[in-house]
There are 2 protein chains.
Amino acid sequence: MDVSGKQRPTMADVAEKAGVSRALVSIVFRDQPGASQETRERVLRVADEIGYRPDNAARLLARGRSRTLGVMFTAHHTFHADLLEGIYGEAERLGYDVLLSATAPGRGESKAVESLLGHRCEAVILLGTDAAAADLDALGRRTVAVAVGRRVPGARLDSVHSAESKGIRQAMDHLVELGHHRIVHIDGGRGPGSAERRRAYRAAMRRAGLESELRVIPGDHTELSGIEAGRLLLAERDSGGRLPTAVLAGNDRCAMGLLLALTRAGVEVPRDMSVVGYDDSHLSHLMPIGLTTVRQDAVLMAEHAVRFAVERLDDEELEPREAVLEPKLVVRGTSGPAPEAAAG
Amino acid sequence: MDVSGKQRPTMADVAEKAGVSRALVSIVFRDQPGASQETRERVLRVADEIGYRPDNAARLLARGRSRTLGVMFTAHHTFHADLLEGIYGEAERLGYDVLLSATAPGRGESKAVESLLGHRCEAVILLGTDAAAADLDALGRRTVAVAVGRRVPGARLDSVHSAESKGIRQAMDHLVELGHHRIVHIDGGRGPGSAERRRAYRAAMRRAGLESELRVIPGDHTELSGIEAGRLLLAERDSGGRLPTAVLAGNDRCAMGLLLALTRAGVEVPRDMSVVGYDDSHLSHLMPIGLTTVRQDAVLMAEHAVRFAVERLDDEELEPREAVLEPKLVVRGTSGPAPEAAAG
DNA sequence: GCGCTCTACTAGCGCGCTCTAGGCGAGTAC
DNA sequence: GTACTCGCCTAGAGCGCGCTAGTAGAGCGC
């Protein structure tokens, strides 16, 4: 009866077995008016019996709309994982399905996006893209796109990011107030938001009259870059230099790596050095004394991104919009008074 | 000309503009024989001009097969991120597309799987599922499914996992050889592989004549559980107890959390305590002195999983198979001689 | 001339669904 | 009676593609 291979049952099978037309089955499954309660129940029962499930591909095709959002993310970024949770929630609320596509070594952003578009996503949400602005502009013209965590001035797409400069300014004010002078920044290379953070760091150093101490160590938003920066600083100390009293990391992952390198080498945080991260990803809460970091509300960002996408789907003519969320410094245990200040 | 909304161009548009039939365009895009080189180039050029891209939904529908694998994973698991990379690679090699669906708070495994199936994935690969064996069996009967990182004896699906007991045995042998007696295991609750690891730990302790020291602290494969276990141990020490000399963590994330808790509290690893992880995820390489861990080759596991899925798609009648990969202890910096042994 | 093969191409059905247009019977109004 | 509505249901076109069957034309042998 049923053993004839794993042939998916179709609407026609349900219709036949329930003694109604295909159209009626369709109505029932779309939960639309036009069928009696009795028939509805019978159809659903039969469908369940023969294991029928609507075929999305056919559905999309027939409907013309897929009500599916594509999300590009990077597998190893914990902050992206935080964002994903928010995206799933908001998308479900708005009646959209979500498809994921990861970037990974050997699988660049364009491949990931192509895959999504090929699966008929109506819009793509890019988490932390580092594509050229021109490419993003082109993408935005071809389809509905939203960039998260990154400003893309002039490009034809919506973006959601936090006011990087404000976040950095808060962090820097915090450190300066604690008496820090030698404040080093490990940056995020061409990662999303890095340019703004770097700029804000420089500005803050100047404003505090610390231009002479200004120093940016190149990094890339991974634990490894934090570890390497840590090693670099420790090596400098060992060859007679002085450690900075505070480090402003490019993000939490980087801060995490740095902390590991430091604690391993016996540098106590925050007694000997303060460390501030950026993101407030899952990691930051986890640490025993907590990472002082600049909070970007992942859920809020995610919700904005989804809403932008959906609103633009409803009205293609919308001008590109930009949501700039207020970041907020969260002081936890990794920042404290500067050693000099404490010593005298 | 082109401004008429964001209407996706179809094959017919390309055909018309190139002055050929739809079928020919189809041939060109499927890279099939039956078109002259000249025509091929013209069609591709035209397609590029008007921004045509094949519509997957229609494609699947017409073809009957989607050649798409669905992967369920958990957003915050770094080991899953490692697996994903391998999956993408192997799937591409075999000509399959990959669709991702994450589990997250508020989005259980069944939801994630339904989403994949709804998008016409031919097979689903479950990374670290903790679903009941009966559910997995049902899933395996309904579609082609592969469970990664978990044994599912008796269920109608393929599985790929490592020989947990061997891995644990190697780790335990290593610790015992180093003179450790008080070896505690933080387990992974009902997480994949946990039961086997727990059992193997117990067996190893017994074999080493250390039943009296046997102790399992409940955990759940997250950093947090490592931190909490760390706090617990430290609290016990502070109220007069003794720290274990070694901890066998449920996975790397847990080991990571534990290390953070320990180093924060001034417990030096491996001088005061040895820590061994499980997975050899990205994290483990990153740490300055490196985490001693049991290596599960993510890429290899991923490749097996993809191949199992594809092979079963080609031959539905295959008996359920199980790939058991040899794990391998990787000794890095977090394990060393037991304190007592070193002291005397 | 015929039949044959080979290459380059096309017509048109069908995948499983949505959705518009409409049918049918019963009720309600006049 | 006609005219209209309303609730429940169906016929059938079409979504964008893949694919089978077939055609047109060139070349070649006899």
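Just so you know, these numbers come straight off a predicted model, no measurement behind them.
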Among all residues two or more places apart in sequence or in another chain, which pass the side-chain hydrogen bond (donor to acceptor under 3.5 Å, both in side chains) test with [X]?
X      : result
A/N56  : none
A/S159 : none
A/E114 : A/R142, B/R53

- Query: ring-ring contact (aromatic ring centres under 6.0 Å, His included) with A/Y52: which residues, sequence neighbours excluded?
  - Reply: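 ring-ring contact (aromatic ring centres under 6.0 Å, His included) list for A/Y52, sorted by chain: A/F29.
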
- Task: May I have all residue pairs that pass salt bridge (Lys or Arg N to Asp or Glu O under 4.0 Å) and include part of residues 20-31 of chain A, sequence neighbours excluded?
- Result: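 Qualifying pairs: none.
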
- Find which nucleotide of DNA chain C each of B/A23 and B/L61 is nearest to by heavy atoms, and output the residue with the more 5' nucleotide.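 Mapping each residue to its closest nucleotide by heavy atoms, the 5'-most match is B/A23.
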
Gap between atoms [atom1] and [atom2], on [X] and [N] respectively (whole Å):
X     : N      : atom1 : atom2 : answer
A/D55 : C/dG16 : CG    : C1'   : 6 Å
A/L24 : C/dC19 : CG    : P     : 15 Å
B/R22 : C/dC13 : CZ    : C1'   : 10 Å

Could you list the residues that satisfy salt bridge (Lys or Arg N to Asp or Glu O under 4.0 Å) with [X], not counting sequence neighbours?
X      : answer
A/R45  : none
A/E109 : none
A/D97  : none
A/E322 : A/R151

- Do any side-chain nitrogens or oxygens of B/S21 fall under 4.0 Å of OP1 or OP2 in C/dT10?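 Yes, within the criterion.
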
- With sugar-phosphate meaning primed atoms plus P, OP1 and OP2, does A/M11 contact a base, only sugar-phosphate, or nothing at under 4.0 Å between heavy atoms?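 Base contact - A/M11 has a heavy atom under 4.0 Å of at least one base atom.
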
- Task: Using a cut-off of strictly less than 4.0 Å between a heavy atom of the residue and any atom of DNA chain D, enumerate the qualifying residues of residues 26-44 of chain B by number.
- Result: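 Contacting residues: B/S26, B/R30.
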
- Please find the earliest and latest nucleotides of DNA chain D, in the 5' to 3' direction, that have an atom within less than 4.0 Å of any heavy atom of chain B.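 Answer, 5' to 3': D/dG16 to D/dC19.
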
- Message: Using a strict threshold of under 4.0 Å (side-chain N to carboxylate O), is an ion pair present between A/K17 and A/E49?
- Response: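 Yes, charged N to carboxylate O under 4.0 Å.
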
- Query: Has A/Q32 got more than 12 heavy atoms of other residues, nucleotides or ligands less than 6.0 Å from its CD?
  - Reply: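 Atom CD in A/Q32 is crowded, with more than 12 foreign heavy atoms closer than 6.0 Å.
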
- Could you give me the stems involving DNA chain D, meaning stretches of three or more consecutive Watson-Crick or G-U wobble pairs whose two defining distances are both below 3.5 Å?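 Consecutive-pair runs (3 or more) involving DNA chain D: C:1-30 with D:1-30.
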
